[in-house]
Amino acid sequence: MQTRSAVAPRGRAVGATALVLAAVTALTGPAPATASTAEPAAVSRAAAVPADAVSGATAVPAAVPAAAVSRATAVPAAVPAGAVSGAGAADDPPVPVLSWGPCTGPQDGFECATARVPLDHRRPGGPTIALAVTRRPAADPARRTGVLLLHPGGPGNSGVDFARNSHAALPAVLRDSFDVVGYDMRGVARGGRVECWDDKEYTAAVDAARGVPGPGAVYGAVRQGAGFEAACRQRSGGLVPFVGTGFNARDIDLLRRALGEETLSFYGRSFGAYVGTVYAAQFPRRVRAMVLDGAYDPRLYAEVPYAYDAAQFAALDAAVGRFLDWCAGDAALCGFGEGRPRQAFADLKRALDANPVVTASGRPATGYTLAYRLMFNINAGREIWPYLGEALRAAQERRASFLLSPPSPATFDFLTVNTAVECADRVYPAGRLLLGALVGAHSGSAPLLGPPIGLGPPAYDHNHAPACVQWQADRPSRYEGSYRAAGSAPILVLGTTGDPDTPYQDAVALAGTLENGRLLTFAAEGHTAYNRSACVSALATGYLATLALPARGTVCADEAPPEPVGRRAAGLEADETRDAIPVLR
């Protein structure tokens with residue numbers, strides 16, 4: 001475990017982007033000032049886990065999660081089939097009844113159930129939506145502390161899968177003392193999936209995208225955003241208004257009540273950190289302990305989204321730039337670029353655009369494919385940089401590479417929800433003129449990945465503006481209140497200084513926004529911190545188990561160095577839909 005002073009403030013977009021963002025700020029108001037939490041570094045941990053002995057619930061006959069449920073007579077139009085069912089009128093939503101039973105698939109000790117929650121929380125007695133829920137009871141009932149809810153990133157990843165895939169990576173003290181719970185949030189997987197473009201439409205869009213978009217690309221992005229929005233309205237118009245995080249947080253509190261808990265412990269990763277932020281804001285006194293890893297600046301994200309997007313483009317490009325600069329300084333270990341990796345990367349995007357590699361599936365891998373895959377894989381941090389270098393070299397030589405794997409239909413399901421939830425959560429200033437100007441400025445300010453990601457079809461966080469500006473659905477499920485979570489228990493915010501996805505300054509901002517926020521810094525590359533650092537993991541685990549917070553200003557600096565290729569049994573997976581807490585190395 002190492003500690004040192006906090007470093008690496010967030011990168012900022014410059015030039016044209018700064019000018020147009022001034023106009024956005026005038027329309028939406030400035031971001032709030034945030035206080036620094038840096039103080040002399042220290043480590044503070046308690047040694048024992050509270051022994052709050054409570055017996056676990058007893059399993060009952062099988063109840064396998066499924067989205068296919070009966071439809072009510074008063075279901076809004078265009079909800080995907082099987083998503084909702086009717087409920088009796090009431091002033092307060094009924095607490096779901098969880099009938100636990102065996103899960104389908106691997107028998108890994110988890111139980112499964114289905115929770116019915118209001119589709120529209122403004123109408124608690126109206127139609128309901130079915131959410132899949134899973135739990136694994138505490139291994140040591142005599143030491144049971146309560147429930148630890150794990151929330152994945154995305155939006156778009158399955159919380160059921162996240163809990164099951166992450167359980168073994170949790171320290172024994174957490175597995176022993178908590179029922180580990182996960183659920184599929186509304187619109188995701190088994191929770192009434194949002195449908196917009198079909199697989200054929202999405203495939204055509206991504207296969208036509210390029211790593212170096214040509215003239216008219218800004219117009220094309222705006223046009224595709226309009227087409228995607230129209231498809232969402234046509235195919236899921238009765239669901240998309242209700243998939244926002246405000247309603248998701250209300251679902252969590254109904255789950256808390258269904259589980260019989262007065263308070264929850266919560267670990268949220270990336271987008272899950274925003275969900276936790278909104279839950280704490282709405283139900284501050286229901287928080288026992290909360291770790292928000294890879295945090296969002298919530299006000300910037302929800303209320304000044306163009307500015308948030310600009311910083312995210314800058315953080316992504318800066319992270320890729322640091323990797324390429326490492327390749328220039330250690331050409332032998334990187335294996336790509338022969339001392340000029342930035343130029344080699346630009347040349348490779350153009351070469352793949354001009355002559356795509358035909359993959360085993362028969363689909364083309366273009367410069368867009370390369371940029372798209374690098375956007376996700378750069379999140380793994382310095383230890384996988386040599387694998388990225390090897391994969392880029394393979395792409396140069398037109399050999400199989402995880403960076404040349406086109407997005408699949410499973411990916412399209414993830415990206416559809418990713419876009420729809422963020423459009424429900426965020427309000428961009430209206431106007432196609434401003435949209436075109438800012439999309440072009442953001443892309444141009446991040447030359448490595450900005451053009452393909454920003455001007456490509458609706459996909460991941462960075463390029464939601466073309467769809468969201470043109471979003472016609474109402475946003476009743478959007479959270480619009482204060483994010484201070486006044487009166488909550490202390491909340492631990494984890495920020496990684498070189499995070500390509502959720503910039504470090506967001507964690508600083510959130511810790512300063514929360515009434516009882518505490519920042520723990522990981523001085524490293526990569527996205528999120530828990531189980532990527534033994535130092536971070538020990539402090540965060542100690543807090544979850546005993547409520548003992550790390551000292552203010554604590555910075556962990558134990559990132560794993562670049563790992564020589566071949567040390568792992570296999571390379572990296574080209575699967576952005578699989579989210580799990582990593583195993584601590």
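Remember, it's a predicted structure, so these values are computed and weren't measured experimentally.
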Does atom CG of D474 have more than 12 heavy-atom neighbours, drawn from other residues, nucleotides or ligands, at distances under 6.0 Å? no
Closest contact, heavy atoms only, Y483 versus V278: CE2-CG2, 4.2 Å
Expected output: side-chain T277 to main-chain A273 donor-acceptor under 3.5 Å: yes
Taken in chain and number order and not counting sequence neighbours, the residues that satisfy side-chain contact (heavy atoms from CB on, under 4.5 Å) with D161 are S158, N165, R190
Taking all non-hydrogen atoms of both residues into account, name the closest pair between T411 and T577 and its distance. CA-CG2, 3.8 Å
Would a line drawn from the ring center of Y279 to the ring center of H151 be shorter than 6.0 Å? no
Can you name the side-chain hydrogen bond (donor to acceptor under 3.5 Å, both in side chains) partners of Y479, sequence neighbours left out? none
Between P93 and L254, is there a side-chain heavy-atom distance shorter than 4.5 Å? yes
With sequence neighbours left out, what residues match A226 under side-chain contact (heavy atoms from CB on, under 4.5 Å)? R432, Q470
Answer yes or no: is there a donor N or O on one side and an acceptor on the other, between the side chain of T203 and the main chain of D199, under 3.5 Å? yes
Can T502 and D499 be counted as having a side-chain donor-acceptor contact under 3.5 angstrom? yes
Does T541 form a side chain to side chain donor-acceptor pair (under 3.5 Å) with Y530? I'd like the steps, not just the answer. CA-CA 9 Å; T541 298; Y530 190 74; 2.6 Å; yes
Partners meeting side-chain hydrogen bond (donor to acceptor under 3.5 Å, both in side chains) with D309 (sequence neighbours left out): R426, Y428
Just by modelled atom types, is the A169 backbone N or O under 3.5 Å from a matching donor or acceptor in the N531 side chain? yes
Are the side chains of F412 and V206 in touch, meaning some heavy atoms are under 4.5 Å apart? yes
Shortest non-hydrogen contact from A529 toward V536: CB-CG1, 3.9 Å
Any Lys/Arg nitrogen of D293 or R532 sitting under 4.0 Å from an Asp/Glu carboxylate oxygen of the other? no
Pair Q312, D461: side-chain N/O donor-acceptor within cut-off below 3.5 Å: yes
Compute whether any side-chain donor of one residue and acceptor of the other, for R286 and T263, lie under 3.5 angstrom apart. no
Does P155 reach the side chain of M185, with side-chain heavy atoms less than 4.5 Å apart? yes
Would you say that S166 contacts Y267 through its side chain, given a criterion of any heavy-atom pair below 4.5 Å between the two side chains? no
For Y301, all residues meeting ring-ring contact (aromatic ring centres under 6.0 Å, His included), sequence neighbours excluded: Y274, Y296, Y308
Modelled atom types, side-chain donor and acceptor of N418 and Y460, under 3.5 Å: no
Evaluate the side-chain proximity of Y306 to L435: yes if any heavy-atom separation is below 4.5 Å, no if none is. yes
My understanding is that only residues two or more places apart in sequence, or in another chain, count here; which of them pass ring-ring contact (aromatic ring centres under 6.0 Å, His included) with H527? none
With a 3.5 Å distance limit and no angle check, can you tell me whether S265 reaches the backbone of L148 through a side-chain donor-acceptor pair? no
Enter the distance from I129:CD1 to L119:CG here, rounded to the nearest 0.5 Å. 5.5 Å
Which residues pass the side-chain hydrogen bond (donor to acceptor under 3.5 Å, both in side chains) test with R285, sequence neighbours left out? none
Mind telling me whether F110 and H167 have parallel, tilted or perpendicular rings, with 30° and 60° as the class edges? perpendicular
Distance, nearest 0.5 Å, that separates CG of L492 from CG of L519: 8.5 Å
Salt bridge (charged side-chain N to carboxylate O under 4.0 Å, His left out): pairs with one or both residues in residues 272-281, sequence neighbours excluded: none
Report yes or no: does D184 contribute a side-chain atom to a donor-acceptor pair with the main-chain N or O of G159 at less than 3.5 Å? yes
Indicate yes or no: does R122 engage D120 in a salt bridge with an N to O separation below 4.0 Å. yes
Can you name the ring-ring contact (aromatic ring centres under 6.0 Å, His included) partners of W197, sequence neighbours left out? Y202, F228
Listed partners of F266 passing ring-ring contact (aromatic ring centres under 6.0 Å, His included), at least two apart: none
From E201 CD over to C196 SG, what is the distance, rounded to the nearest 0.5 angstrom? 10.0 Å
Using modelled atom types only, decide if a donor and an acceptor are shared between the side chain of T419 and the backbone of T416 within a distance under 3.5 Å. no
Pair E111 + R135: basic N to acidic O under 4.0 Å: yes
Please round to the nearest 0.5 Å and tell me the distance separating atom OG of S270 and atom CG of N379. 8.0 Å
Under a 3.5 Å distance rule, please check whether D579 uses its side chain to pair with a backbone N or O of P152 as donor and acceptor. no
Is any side-chain heavy atom of L539 closer than 4.5 Å to one of L520? yes
Pair up each side-chain donor or acceptor in residues 242-252 with any protein partner under 3.5 Å, not counting sequence neighbours, and list the distances.
{"unit_1": "T245", "atom_1": "OG1", "unit_2": "D425", "atom_2": "OD1", "d": "3.4"}
{"unit_1": "T245", "atom_1": "OG1", "unit_2": "D425", "atom_2": "OD2", "d": "2.6"}
{"unit_1": "N248", "atom_1": "OD1", "unit_2": "Y183", "atom_2": "OH", "d": "2.5"}
{"unit_1": "D251", "atom_1": "OD1", "unit_2": "H121", "atom_2": "NE2", "d": "2.8"}
{"unit_1": "D251", "atom_1": "OD1", "unit_2": "R186", "atom_2": "NH2", "d": "3.0"}
{"unit_1": "D251", "atom_1": "OD2", "unit_2": "R186", "atom_2": "NE", "d": "2.7"}
{"unit_1": "D251", "atom_1": "OD2", "unit_2": "R186", "atom_2": "NH2", "d": "3.3"}

Nearest non-hydrogen partners of V240 and A420, listed with the distance: CG1-CB, 4.4 Å
Provide the full list of disulfide bond (SG atoms under 2.5 Å apart) pairs with a residue in residues 251-297, sequence neighbours left out, each pair given once. none
Nearest heavy-atom contact between L300 and A307 is CD1-CB, 4.2 Å
Hey, is R136 close enough to D179 for a salt bridge, meaning N to O under 4.0 Å? no
Any donor-acceptor pair under 3.5 Å linking the side chain of T496 with the backbone of T528? yes
Does some side-chain heavy atom of R256 sit less than 4.5 Å from a side-chain heavy atom of D253? yes
Is there a donor-acceptor pair closer than 3.5 Å between any side-chain N or O of E229 and the backbone N or O of C468? no
Testing the basics here: between P490 and L549, what is the closest heavy-atom pair and its distance to 0.1 Å? CB-CD1, 3.4 Å
In Å, rounded to the nearest 0.5 Å, how long is the span from OG1 of T521 to OH of Y504? 2.5 Å
Rounded at 0.5 Å granularity, tell me how far CZ in F178 sits from CG in L149. 12.0 Å
Does the side chain of V160 come within less than 4.5 Å of V133's, by heavy atoms? no
Charged N-O contact under 4.0 Å between E195 and R193: no
